[in-house]
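One structure follows; several queries about it will come next.
All ligand and atom numbering here is 1-based and tracks the order in the structure.
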Amino acid sequence: MTSSDQKLRNPIFCAIDTPDLGTATTWAASIGDHVGGIKLGLEFVSAHGPKGVMQVMKASGLPTFLDVKFHDIPNTVAGAVRAIAAVKPYMVNVHASGGRAMMQAAAEAASEAAYEHVVPRPLVIGVTILTSLADDDLAEVGMAASTADQAVRLAVLAKESGLDGVVCSPLEVSRIRAECGPNFKLVTPGVRPEWAAANDQKRIMTPEQAIAEGADYLVVGRPITSADDPSAAAQRIATALAA
Ligand code: C5P
């Protein structure tokens, strides 16, 4: 059994991006009735560790995506996945560019840890190419492929290595879906309702468009957390998706 067998209220995971524990718990509590899950990333986890993560999870009462982007040798990544699995996340991620053996070790560690803690296995998701990188940036680190081609290549490798899905731009969803099939989970940031500011996200789609393209989970941060009323903003996105 994997955590994806749990029924989510909707596919929205709200990115709780703050290093402040009080702010994180307040946001989590206020949106808990409207989104499907929350996402905590390196900023928060580095500041507050697993204990802080559990406090915010409790405040929201929701499944949690731990966006920790592990990238190291297979043995170390396996150990990190086993350790973080103790907080019972819905989903964790690793960099797909860490390679086949690293991803296989991460997937096996998640299964072992779930068995040990008697919980559903967290989904293990690969990060393909960060959306902050352009083709020139890849060339500079010695990768000749375009960002889109490299993202598809890493998604296929992630699938072959036993991962459950990948994080990708909404604009890459249809290509990766075609290559990796209907059961591979696609998680997309870069999602903006028409009424929200784009902020620093460049390649965006609305929540409705991203789902229509074939995304399984939408990561939405500032359109909710920077709104005057985060609860109302989350509800507005959820209602539009349900229509
Ligand atoms: O506030 P916003 O909706 O832009 O938040 C998006 C979230 O998704 C942030 O936590 C950001 O770090 C994360 N993310 C992203 N692009 C990626 C991977 C993660 O925006 N490629």
Inset, instruction - Just need the protein heavy atom nearest to atom 17 (C) of ligand 1, so name the residue and atom and give the distance. - result: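 Closest protein heavy atom to atom 17 (C) of ligand 1: T131 OG1, 3.3 Å.
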
Inset, instruction - Name the closest protein heavy atom to atom 2 (P) of ligand 1, giving the residue it belongs to and the distance to 0.1 Å. - result: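 Heavy-atom neighbour on the protein nearest atom 2 (P) of ligand 1: R192 NH2, 3.4 Å.
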
Legend entry - Pair R121 + D164: basic N to acidic O under 4.0 Å: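 D164 and R121: salt-bridged.
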
Legend entry - V220 heavy atom under 4.0 Å from ligand 1: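 V220 counts as a contact of ligand 1 under the 4.0 Å cut-off.
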
Inset, instruction - Just need the protein heavy atom nearest to atom 7 (C) of ligand 1, so name the residue and atom and give the distance. - result: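 Ranked first by proximity to atom 7 (C) of ligand 1 is V219 CG1, 3.7 Å.
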
Legend entry - For atom 6 (C) of ligand 1, closest protein heavy-atom neighbour: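 Of the protein heavy atoms, Q201 NE2, 3.7 Å lies nearest.
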
Legend entry - Residue portion contacting ligand 1 (non-hydrogen atoms closer than 4.0 Å) for R222: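 Near ligand 1, R222 shows its backbone as well as its side chain.
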
Inset, instruction - Kindly compute the distance separating CD (E140) from CG (L133), expressed to the nearest 0.5 Å. - result: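 Between E140 CD and L133 CG, I get 10.0 Å after rounding to 0.5 Å.
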
Inset, instruction - Determine the interplanar angle of the F13 and F65 rings, folded into 0 to 90°, and report it as parallel if under 30°, tilted if 30 to 60°, perpendicular if over 60°. - result: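 Geometry flag for F65 against F13: perpendicular rings.
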
Inset, instruction - On the 0 to 90° scale, with breaks at 30° and 60°, tag the Y90-Y217 ring pair as parallel, tilted or perpendicular. - result: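 Because their plane-to-plane angle is over 60°, the rings of Y90 and Y217 count as perpendicular.
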
Inset, instruction - Looking only at protein heavy atoms, identify the closest one to atom 18 (C) of ligand 1 and say how far it is in Å. - result: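 So the nearest neighbour among protein heavy atoms is P189 CG, 3.8 Å.
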
Legend entry - Approximate separation, where rounding is to 0.5 Å, of E172 CD and I129 CD1: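 So the CD of E172 and the CD1 of I129 are separated by 8.5 Å.
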
Inset, instruction - Measure the distance from atom 13 (C) of ligand 1 to every protein heavy atom, then report the residue, atom name and distance (to 0.1 Å) of the closest one. - result: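 Ranking protein heavy atoms by distance from atom 13 (C) of ligand 1, first comes K39 NZ, 3.8 Å.
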
Legend entry - Those atoms of ligand 1 less than 4.0 Å from some heavy atom in A15: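 This gives 7 (C), 10 (O) as the contact atoms.
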
Inset, instruction - For the pair D229 and R236, find out whether any cationic side-chain nitrogen is under 4.0 Å from an anionic carboxylate oxygen. - result: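 So D229 does not pair with R236 through a salt bridge.
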
Inset, instruction - Report, in ascending order of atom number, the atoms of ligand 1 lying under 4.0 Å from any heavy atom of D17. - result: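 Atoms satisfying the 4.0 Å criterion: 9 (C), 10 (O).
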
Legend entry - Side chain S30, main chain W27, donor-acceptor under 3.5 Å: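 Yes.
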
